[in-house]
Amino acid sequence: MPAVLAKMELNGIKVDVAQLSRLSSEFAQRMAQAEEEAFEAAGTHFNLGSPKQIGDIIFGEMGLPGGKKTKTGAWSTDASVLEELANAGHALPRALLTLRQFAKLKSTYSDALKTAINPDTGRVHTSFSLAATTTGRLSSSEPNLQNIPIRTEEGRLIREAFVAEKGHVLVAADYSQIELRLLAHIAGVDALKAAFKAGHDIHAMTASEMFGVPLDQMDPMTRRKAKAINFGIIYGISAFGLANNLGIKRDEAKAYIDSYFEKFPGIATYMDAMKETAREKGYIETVFGRRCHFPGIKDKNPAMRQFAERQAINAPIQGSAADIIRRAMARMDAALEKAGLKARMLLQVHDELVFECPQDEADRLIPLVQEVMGEAALPAVSLTVPLVVEAKAALTWGQAH
DNA sequence: TCGGCAAGCCAC
DNA sequence: AAACGTGGCTTGCCGA
């Protein structure tokens with residue numbers, strides 16, 4: 001296994017070539033159909049892959065209500081813009097969304113993964129960079145296996161093409177809500193810590209606190225709003241960003257954020273503390289004391305400074321999570337060997353580890369992995385929230401979730 | 001033909 | 001003035 005200073009290569013993962021080929025054909029057909037519908041709706045032929053031409057047609061010739069502009073001043077034609085127009089009943093934006101979806105899946109995944117197969121091993125070997133991110137996360141490239149689709153039904157088919165060797169299974173083990181748990185620990189938010197200790201649905205609980213809806217009457221939309229806010233908090237939220245994300249007015253977003261800070265006052269204190277630390281020291285620390293530096297925190301440009309402030313809010317959380325899973329990975333091979341397991345660690349996806357093992361080994365592998373990952377902060381740090389690791393074995397990566 | 005930027009989009 | 005964190009890949013487009 002080649003290993004150089006800044007990169008490491010793990011074992012590689014098997015992909016089902018025939019399945020990828022079937023998907024490429026399927027996606028090509030769906031693209032062709034969407035192209036036909038797009039040209040029909042536009043009443044003219046143009047380059048459907050060119051955002052600029054799309055903008056000219058939709059907002060120029062067709063005169064549909066334009067929304068956002070890109071930073072160069074062109075009409076934005078991104079998914080949120082097209083989605084709004086499609087929902088208003090316009091055929092061209094709907095066709096373009098479909099076309100974009102399948103073009104993405106085909107070019108970036110089903111086609112590219114086939115060419116990434118190493119002929120010697122018959123497997124796909126990514127490269128993990130160890131020092132490429134500001135927070136201490138790994139990154140993955142050539143090919144990137146940390147952004148394999150999962151959120152849509154069609155995209156999930158790509159993940160189903162990652163398979164175990166004959167007689168083996170894949171085991172996916174992921175930390176449940178690790179960043180929110182770390183936020184609760186680092187910021188010392190008792191209400192959040194209590195919820196995690198009790199094993200409650202954290203987004204539902206947040207929604208209940210903020211909107212005064214009893215847990216047993218929680219509706220999906222209210223929970224969704226709370227979920228977006230929870231993520232926003234981790235990212236150094238702004239009313240503008242939340243409004244954009246949820247498709248609501250800025251006033252409404254601001255009211256949500258104010259309400260959140262009122263219910264969980266420890267959060268605002270935490271955010272201010274991180275900004276101040278970054279300003280005074282130039283860096284923040286993860287729970288293990290690893291430092292992340294933010295030179296932009298003193299920039300004369302306010303936008304640069306504010307960006308650095310949001311980074312300083314996010315980095316202790318994201319960085320601590322990166323530390324924890326790295327500690328688990330560092331201990332994993334020895335733990336597997338000690339337990340007499342043949343399992344191999346194949347991939348890391350920020351809060352998830354993927355293993356391959358003989359079929360009859362999975363029942364022993366799963367509790368071991370859960371223990372190593374769950375205890376990974378110890379003995380250096382004793383977290384005040386539990387770390388929960390969900391793990392499942394299956395024949396494909398998609399089914400292991 | 002090549003490199004780089006912009007736009008867009010996939011993941012956590 | 002800008003506007004929610006961390007990445008990588010693909011296409012279109014423009015200039016060398």
Worksheet item: C1' atom, B:dC5 versus C:dA3: distance in rounded Å?
Response: 22 Å
Discussion item. Can you check the distance between C:dA1 and B:dG8, where both ends of the measurement are the C1' atom (answer in whole Å)?
Written reply: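 Per the computed distance, 24 Å lies between those C1' atoms.
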Atom pair distance, as rounded to whole Å: [atom1] in [X] and [atom2] in [N]:
{"X": "A:Gln101", "N": "B:dG8", "atom1": "CD", "atom2": "P", "result": "17 Å"}
{"X": "A:Asn245", "N": "C:dG5", "atom1": "CG", "atom2": "P", "result": "12 Å"}
{"X": "A:Arg181", "N": "B:dC12", "atom1": "CZ", "atom2": "P", "result": "17 Å"}
{"X": "A:Ile158", "N": "B:dA11", "atom1": "CD1", "atom2": "C1'", "result": "13 Å"}
{"X": "A:Glu309", "N": "C:dG5", "atom1": "CD", "atom2": "C1'", "result": "14 Å"}
{"X": "A:Asp174", "N": "B:dA11", "atom1": "CG", "atom2": "C1'", "result": "13 Å"}
{"X": "A:Arg326", "N": "B:dC12", "atom1": "CZ", "atom2": "C1'", "result": "16 Å"}

Fill in: Side-chain donor/acceptor contact of A:Lys104 with base of B:dC9 under 3.5 Å
yes
Discussion item. Should the side chain of A:Arg100 and the base of B:dC9 be counted as holding a donor-acceptor pair, with the cut-off at 3.5 Å?
Written reply: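 Counting by modelled atom types and ignoring angles, no donor-acceptor contact under 3.5 Å is found here.
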Item to complete: Ignoring backbone atoms, test whether A:Thr108 places a side-chain nitrogen or oxygen under 4.0 Å from the OP1 or OP2 oxygen of B:dC10.
Response: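 For A:Thr108, the contact criterion (side-chain N or O under 4.0 Å from OP1 or OP2 of B:dC10) is not met.
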So that I can tick it off, tell me whether [Y] and [X] are bridged by a salt bridge, with the cut-off set at under 4.0 angstrom between side-chain N and carboxylate O.
{"X": "A:Arg291", "Y": "A:Glu285", "value": "yes"}
{"X": "A:Arg305", "Y": "A:Glu309", "value": "no"}
{"X": "A:Glu26", "Y": "A:Lys106", "value": "no"}
{"X": "A:Glu179", "Y": "A:Arg137", "value": "yes"}

Worksheet item: Pick the nucleotide of DNA chain C nearest each of A:Pro302 and A:Phe307; which residue has the one closer to the 5' end?
Response: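 It is A:Pro302, whose closest nucleotide lies nearer the 5' terminus.
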